[in-house]
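In this chain, residues are counted from 1 in sequence order.
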Amino acid sequence: MALLLKNAHVVDPSVELDGIVDVLIDGERIARVGENLDAADAEVVDLSGKYLVPGLVDMHVHLREPGFEHKGTIESETRAAARGGFTGVCSMPNTDPVTDNGVTIEYVKSVAAREGHCRVYPSGAMTRGLKGEIISEMGDMVAHGVVAFTDDGRGVQGAGMLRRAMDYGKMFDRVFMSHCQDEDLVGDGQVNEGVASTRLGLLGWPAAGEEIQIARDIAIAELTGAKLHIQHISTARGVELVREAKAKGLPVTCEATPHHMFLTEDAIDGTYDTSLKVNPPLRTAADAQAVVAGVVDGTVDAIVTDHAPHADWEKSREFELAPFGMIGLETSLALVITNLVKTGTIDYGRMVELMAIAPRRILGLDQVSVAEGSVADLTVFDPEASWTVDADALESAARNTGFKGAELTGRATDVFVGGVATLRDGVVC
């Protein structure tokens, strides 16, 4: 049956659309877009007061399966993605076994097709086993549908190894996503080095531990001509390095997370809340402001979550023993609306660019637009919905959100993937 979405405020800068129109979905594609549409026998859904945008994509998500199902599964974390308004996610390869060959790629794809609540675009490791020693089976993974290469969770430590991976892998026209962490410099760092590490009595993680590898990876991208994407950028100097690379015309992009924009090292107090232990760590207020400025001026290309579910018992350990990471799929859209759109920092058009258009462009995916003939991957949200983050009410298998108790505005109400509802009236289908 056709589906007629009426009276939504549609925002899609790719087709210069920003106004109230109707959208008719027939099968998996958009059949018509316009005012006062009518369609015999179509199911009519009134979206008055709500916004409709191209389906959101999070290009940095840990689904944990295979191997770490005690943290989360493809089913549970794509359920969280649908509740957060996402039509697709890019899964990271630090699973067990590591996603470094075509067999594991096919496993992720098959489970996602059977149990998932959104599209899953798997990334593959740059090096076998994430060990930074031998190039992974890149060609095999590309043949099975990998969208990007990354050693996320560690990052390639050897400059020569990264060069070999880029020189070889660039023939496949995939982006190399870089987790920038100089392990020799960072060591056992737990929180941002400086005031926070001193105040908390924890080992510090210097900003240079991230920035040195950003500079290195940009230089290697320039040397090889490979496409480079800097993951979860968190420092002012890191943003400036990317800005300089773009000014030179290099194929460099970057992403930022809500927690690195809207939380700082000051949030970690004497309770030692391990939900705030993330990699890279929460930085200074000046760093957070610089990342937001990068979002505004276009230096930052995409907003991602680095969604990292962990079991309660893992995060309940002492701060220095607890794993890094927080979940974010269900709060990302609301955090952006609350802190960036409602404050006038960016508009909804820029939000769509950051959360829907750019992620697809960087990953080499087909674009989705609110236009006739496009695949009907669509996100609908209520911009005025007020809610409080309750960790126990989230769809994710994990509870390690750093935004517990936050008062937010804006929330996804409906999501359609290929014309099929995965979220209706706030309930995951």
May I ask you to say whether [X] pairs ionically with [Y], meaning some side-chain N is under 4.0 Å from a carboxylate O?
X      : Y      : result
Glu222 : Lys248 : yes
Glu240 : Arg237 : no
Asp301 : Lys246 : yes
Glu395 : Arg79  : yes

Find out whether [X] and [Y] are in side-chain contact, i.e. whether some heavy atom of one side chain is under 4.5 Å from a heavy atom of the other.
X      : Y      : result
Leu263 : Phe403 : yes
Arg360 : Asp377 : yes
Glu353 : Ile346 : no
Arg114 : Ile74  : no
Leu333 : Met351 : yes
Val292 : Asn339 : no
Val108 : Pro66  : yes
Thr127 : Glu133 : no

Tell me whether [X] contacts the main-chain N or O of [Y] through its side chain, where contact means a donor paired with an acceptor under 3.5 Å.
X      : Y      : value
Asn400 : Ala308 : yes
Lys170 : Thr224 : yes
Trp387 : Ala406 : no
Gln231 : His179 : yes
Asp217 : Ile220 : no
Glu330 : Ala80  : no
Arg411 : Gly426 : no
Thr78  : Gly116 : no
Lys227 : Ile362 : no
His117 : Ser76  : no

Check whether the ring centres of Tyr168 and Phe149 lie less than 6.0 Å apart, and answer yes or no.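 For Tyr168 and Phe149, the ring centres are not under 6.0 Å apart.
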
In a check of side chain to side chain donor-acceptor pair (under 3.5 Å) between Asn279 and each of Arg154, His232, Gln181, which one passes?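 By the side chain to side chain donor-acceptor pair (under 3.5 Å) criterion, Asn279 pairs with just one of Arg154, His232, Gln181: Gln181.
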
Report the distance from atom [atom1] of [X] to atom [atom2] of [Y], rounding to the nearest 0.5 Å.
X      : Y      : atom1 : atom2 : value
Tyr121 : Lys109 : OH    : NZ    : 12.0 Å
Cys90  : Asp58  : SG    : CG    : 9.0 Å
Leu282 : Glu265 : CG    : CD    : 8.5 Å
Met126 : Asp151 : CE    : CG    : 6.0 Å
Met355 : Ile303 : CE    : CD1   : 6.0 Å
Thr338 : Leu408 : OG1   : CG    : 4.5 Å

Please report the closest heavy-atom contact between [X] and [Y], naming both atoms and the distance.
X      : Y      : answer
Thr150 : Pro93  : O-CG, 3.2 Å
Leu202 : Phe319 : CD1-CD2, 3.6 Å
Ala288 : Met261 : CB-O, 3.6 Å
Asn192 : Ala207 : OD1-N, 4.5 Å
Asn94  : Gly153 : ND2-CA, 4.2 Å
Pro383 : Thr409 : O-CG2, 3.2 Å

In sequence, state the C-alpha distance, the side-chain angles, and the governing distance for Ile135 and Met161, and then conclude on side-chain contact (heavy atoms from CB on, under 4.5 Å). CA-CA 8 Å; Ile135 295 172; Met161 185 70 245; 3.4 Å; yes

Please walk me through it: do Leu378 and Ile25 pass side-chain contact (heavy atoms from CB on, under 4.5 Å)? CA-CA 10 Å; Leu378 303 170; Ile25 300 173; 3.8 Å; yes

Would you please say whether a donor-acceptor pair under 3.5 Å links the side chains of Asp273 and Thr271?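 Absent: no donor and acceptor within the cut-off.
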
Under a 3.5 Å threshold, yes or no: a donor from one side chain and an acceptor from the other, between Tyr107 and Glu65?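 Yes, because at least one side-chain N or O of Tyr107 sits under 3.5 Å from a partner of the opposite role on Glu65.
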
Should the pair [X] and [Y] be assigned to parallel (<30°), tilted (30 to 60°) or perpendicular (>60°) ring geometry?
X      : Y      : answer
His9   : Tyr51  : parallel
Tyr348 : Phe381 : tilted
His60  : His62  : tilted

Step-by-step side-chain contact (heavy atoms from CB on, under 4.5 Å) determination, Ile105 to Thr99: CA-CA 6 Å; Ile105 293 292; Thr99 309; 3.3 Å; yes

Got more than 12 heavy atoms from elsewhere within 6.0 Å of [atom1], [X]?
X      : atom1 : value
Lys404 : NZ    : yes
Asp297 : CG    : yes
Arg361 : CZ    : yes
Asp269 : CG    : yes

So Glu210 and Thr235, side chain to side chain donor-acceptor pair (under 3.5 Å) or not? Walk me through it. CA-CA 8 Å; Glu210 177 179 347; Thr235 77; 4.9 Å; no

Could you go through Glu314 and Lys71, starting from their C-alpha distance and side-chain angles, then the distance that decides it, and tell me whether this counts as salt bridge (charged side-chain N to carboxylate O under 4.0 Å, His left out)? CA-CA 9 Å; Glu314 293 174 307; Lys71 299 173 184 282; 2.8 Å; yes

Full working for side-chain contact (heavy atoms from CB on, under 4.5 Å) between Thr274 and Leu321: CA-CA 9 Å; Thr274 58; Leu321 298 179; over 6 Å; no

Does the side chain to side chain donor-acceptor pair (under 3.5 Å) test come out yes or no for Ser14 and Gln367, once each step is laid out? CA-CA 9 Å; Ser14 71; Gln367 283 294 342; over 6 Å; no

